[in-house]
Student: 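I'd like to ask some things about the structure below.
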Amino acid sequence: MNGWTDELTRARLHVVTGKGGTGKTTVAAALALALATGGRRVLLVEVENRQGIAQLFDRAPLPYAEERIASAPGGGEVRALAVDPEAALLEYLDMFYNLGFAGRTLRRMGAIEFATTLAPGLRDVLLTGKVKECVRRAGKTGRHEYDAVVLDAPPTGRVVRFLDVTRAMADLAKVGPIKGQSEGVVNLLHSGDTAVHLVALLEEMPVRETLDAVAELDAADLRPGAVFVNRVRPPRLPARSIAAAAEGRVDEARLLAGLEAAGLDVAEDVLHGLVDQAVEHAARVRMEHQAKELLAEADLPSVELPELTDGVDVAALYELAEVLVGRGVR
């Protein structure tokens with residue numbers, strides 16, 4: 001299934017996950033820019049304390065505050081938030097228990113370590129709870145403060161535990177503010193307002209981990225969104241030549257004739273090197289085609305992003321965002 005769907009357009013929380021090394025933070029940042037295009041306001045959130053967003057946008061480390069980090073075409077803007085568990089805990093306690101200056105004492109005592117030792121799932125509840133508050137927050141007019149929130153989530157191996165721990169906490173806390181907080185997060189993450197997108201490469205391990213993650217999301221009643229196929233490289237050989245070349249069957253004489261027709265005089269060792277490269281390229285293209293067929297088993301919308309040969313910087317993020325808008329992301 002190709003392209004961005006109307007159902008995904010209606011989502012307000014876009015969770016982005018993927019196997020380590022697939023570029024999930026880059027995709028999350030580009031998605032935030034794409035969603036902000038046309039005058040919308042989008043919040044980009046990270047929860048792993050890596051400051052990956054700041055590095056991508058070439059900024060100083062983000063504080064625990066929502067800061068504008070980029071403008072988008074058409075007057076939109078992207079703000080960013082690095083959620084700190086300790087700050088989120090103190091904010092939560094102050095909100096429900098009006099601690100005031102007592103919060104400083106809790107910080108000195110190591111409040112987050114104490115609280116998460118008692119209830120290991122509390123840390124993730126605090127992180128997802130802050131995300132929920134940003135998604136649901138409305139201004140004086142009743143309009144949501146953010147048109148969309150993009151969450152750079154933990155990798156696929158941990159994402160279901162991270163998102164679904166709120167249900168366990170809701171069972172643990174039978175009464176009080178934590179129960180209400182947990183139920184609010186559960187309701188958001190298991191609703192049509194949330195889509196969990198997966199970033200994959202056209203390689204066997206990332207594809208299989210993506211398929212495993214889709215099955216885990218389904219089992220946890222969390223809604224998979226789109227698969228972002230990252231770093232896609234165009235084939236350099238005609239489709240009809242791929243199978244033969246991948247098996248090492250390259251007509252050197254025909255290749256040499258083509259080079260000579262183009263006015264190129266190559267030595268024999270250079271010709272052999274070109275043949276080796278053609279075989280290697282064809283084998284990779286065939287492997288990627290097989291990976292794409294395997295990925296199709298997920299039966300999810302698929303959005304391809306090109307490989308950036310010059311690396312990832314702010315300009316590259318805008319380039320990827322433009323590609324996403326062209327693929328229907330809005």
Side-chain angles (χ1 to χ4, degrees), residues 4 8-9 11-37 40-59 61-62 66-70 72 76-83 127-128 130-132 134-135 146-159 162-163 189 193-201 206 209-210 213 217 222-231 300-306 308 311-325 327 329-330:
W4 195 255
L8 294 177
T9 298
R12 300 199 60 255
L13 173 58
H14 297 267
V15 180
V16 180
T17 184
K19 179 177 168 60
T22 57
K24 71 177 180 66
T25 301
T26 298
V27 172
L31 177 60
L33 284 169
L35 292 171
T37 298
R40 292 180 290 273
R41 176 184 282 185
V42 175
L43 179 66
L44 176 60
V45 183
E46 68 177 9
V47 292
E48 294 185 279
N49 201 27
R50 294 187 300 108
Q51 289 293 338
I53 295 172
Q55 293 173 31
L56 271 180
F57 285 92
D58 195 23
R59 293 175 58 95
L62 296 169
E66 294 157 37
E67 291 196 346
R68 180 187 174 109
I69 58 167
E77 72 169 19
V78 175
R79 295 193 175 194
L81 171 65
V83 182
L127 296 173
T128 52
K130 181 61 180 178
V131 173
K132 184 265 295 184
C134 294
V135 173
Y146 293 106
D147 297 292
V149 174
V150 177
L151 172 60
D152 179 19
T156 46
R158 293 192 289 112
V159 72
F162 171 76
L163 295 174
L189 295 179
D193 283 341
T194 299
V196 184
H197 307 298
L198 301 109
V199 181
L201 304 179
E209 190 158 324
T210 297
L217 288 166
L222 293 161
R223 181 166 69 110
V227 175
F228 290 94
V229 184
N230 200 20
R231 302 176 194 158
L300 293 174
S302 176
V303 180
E304 293 189 357
L305 288 168
L308 301 173
V312 178
D313 55 15
V314 177
L317 292 177
Y318 279 92
E319 181 182 337
L320 291 175
E322 186 176 354
V323 171
L324 290 173
V325 171
R327 301 283 196 271
V329 173
R330 60 195 185 282

Student: Does a salt bridge link Arg79 with Glu66, judged by any charged N lying under 4.0 Å from a carboxylate O?
Tutor: no
Student: With rounding to the nearest 0.5 Å, note down the distance linking OG1 in Thr156 to CG in Leu217.
Tutor: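 Here the interatomic distance stands at 9.5 Å.
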Student: Any side-chain heavy atom of Leu305 sitting closer than 4.5 Å to one from Arg231?
Tutor: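 A side-chain contact is absent here, since even the closest heavy-atom pair is not under 4.5 Å.
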Student: Of all the heavy-atom pairs spanning Tyr146 and Cys134, show the shortest one and how long it is.
Tutor: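 In terms of heavy atoms, the two residues are closest at CD1-O, 3.8 Å.
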Student: Working to the nearest 0.5 Å, report the span between CZ of Phe162 and CG of Leu189.
Tutor: 8.5 Å
Student: Please find the pair of heavy atoms, one from Thr17 and one from Pro155, that lie closest to each other, and give the distance.
Tutor: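 Answer, listing the atom of Thr17 first, then Pro155: OG1-C, 3.2 Å.
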Student: Any side-chain heavy atom of Lys132 sitting closer than 4.5 Å to one from Thr128?
Tutor: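 No, their side chains stay 4.5 Å or more apart.
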Student: Please report the closest heavy-atom contact between Val323 and Pro306, naming both atoms and the distance.
Tutor: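 Heavy atoms of Val323 and Pro306 come nearest at CG1-CD, 4.1 Å.
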Student: So do Val229 and Ser302 actually touch side chain to side chain, heavy atoms under 4.5 Å?
Tutor: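 Yes, at least one pair of side-chain atoms sits under 4.5 Å.
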Student: Return the minimal non-hydrogen interatomic distance between Pro154 and Val159, and the atom names on each side.
Tutor: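 Minimum heavy-atom separation between Pro154 and Val159: O-CB, 3.8 Å.
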Student: Please identify each residue that fulfils side chain to side chain donor-acceptor pair (under 3.5 Å) with Asp147, with sequence neighbours left out.
Tutor: Arg143
Student: Would you say the side-chain atoms of Thr25 and Arg50 include a donor-acceptor pair closer than 3.5 Å?
Tutor: yes
Student: Measuring only between side-chain heavy atoms, which start at C-beta, is Leu81 closer than 4.5 Å to Lys130?
Tutor: yes
Student: Using 0.5 Å steps for rounding, measure from the CG atom of Leu43 to the CD atom of Glu67.
Tutor: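 Spacing of CG (Leu43) from CD (Glu67) equals 11.5 Å.
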Student: Using the rule given for side chain to side chain contact (heavy atoms under 4.5 Å, CB included), can you reason through Glu46 versus Gln51, listing the C-alpha separation, both sets of side-chain angles and the distance that settles it, and then say yes or no?
Tutor: CA-CA 8 Å; Glu46 68 177 9; Gln51 289 293 338; 4.0 Å; yes
Student: With rounding to the nearest 0.5 Å, note down the distance linking CG in Asp58 to CG in Leu317.
Tutor: 11.0 Å
Student: Determine the minimum heavy-atom distance between Ala200 and Val227, stating which atoms define it.
Tutor: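 Shortest heavy-atom separation between Ala200 and Val227 comes out as CB-CG1, 4.3 Å.
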Student: Any side-chain heavy atom of Val42 within less than 4.5 Å of one from Val149?
Tutor: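 Val42 does not reach Val149 side chain to side chain.
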Student: Checking Ala28 now: which residues fulfil side chain to side chain contact (heavy atoms under 4.5 Å, CB included) with it, not counting sequence neighbours?
Tutor: Val16, Leu44, Val150, Asp152
Student: Show, in sequence, the C-alpha distance, side-chain angles and deciding distance for Leu31 and Leu35, and conclude whether the side chain to side chain contact (heavy atoms under 4.5 Å, CB included) test is met.
Tutor: CA-CA 6 Å; Leu31 177 60; Leu35 292 171; 3.9 Å; yes
Student: Apply side chain to side chain contact (heavy atoms under 4.5 Å, CB included) to the pair Glu77 and Arg40, showing each step before the final yes or no.
Tutor: CA-CA 7 Å; Glu77 72 169 19; Arg40 292 180 290 273; over 6 Å; no
Student: Donor-acceptor pair, distance only, cut-off 3.5 Å: does the side chain of Arg12 make one with the backbone of Val135?
Tutor: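 Flag set: sc Arg12 to bb Val135 pair under 3.5 Å.
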Student: For the residue pair His14 and His197, does the interplanar ring angle fall in the parallel (under 30°), tilted (30 to 60°) or perpendicular (over 60°) class?
Tutor: parallel
Student: Please name the pair of heavy atoms, one in Glu48 and one in Arg158, separated by the smallest distance, quoted to 0.1 Å.
Tutor: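 Result for this residue pair: OE2-NH2, 3.0 Å.
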Student: Is there side-chain contact between Leu198 and Phe228, with heavy atoms separated by less than 4.5 Å?
Tutor: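 Contact flag for Leu198/Phe228 side chains = no.
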Student: Return the CG to CZ distance between Leu8 and Arg223, rounded to the nearest 0.5 Å.
Tutor: 6.0 Å
Student: Could you tell me the separation between the CZ atom of Arg327 and the CD atom of Glu304, rounded to the nearest 0.5 Å?
Tutor: 7.0 Å
Student: Are Asn230 and Thr22 packed together at the side-chain level, in the sense that at least one heavy-atom pair is separated by less than 4.5 angstrom?
Tutor: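 No - every pair of side-chain heavy atoms lies 4.5 Å or more apart.
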Student: So do Ile53 and Leu62 actually touch side chain to side chain, heavy atoms under 4.5 Å?
Tutor: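 Counting from C-beta outward, Leu62 and Ile53 do come under 4.5 Å.
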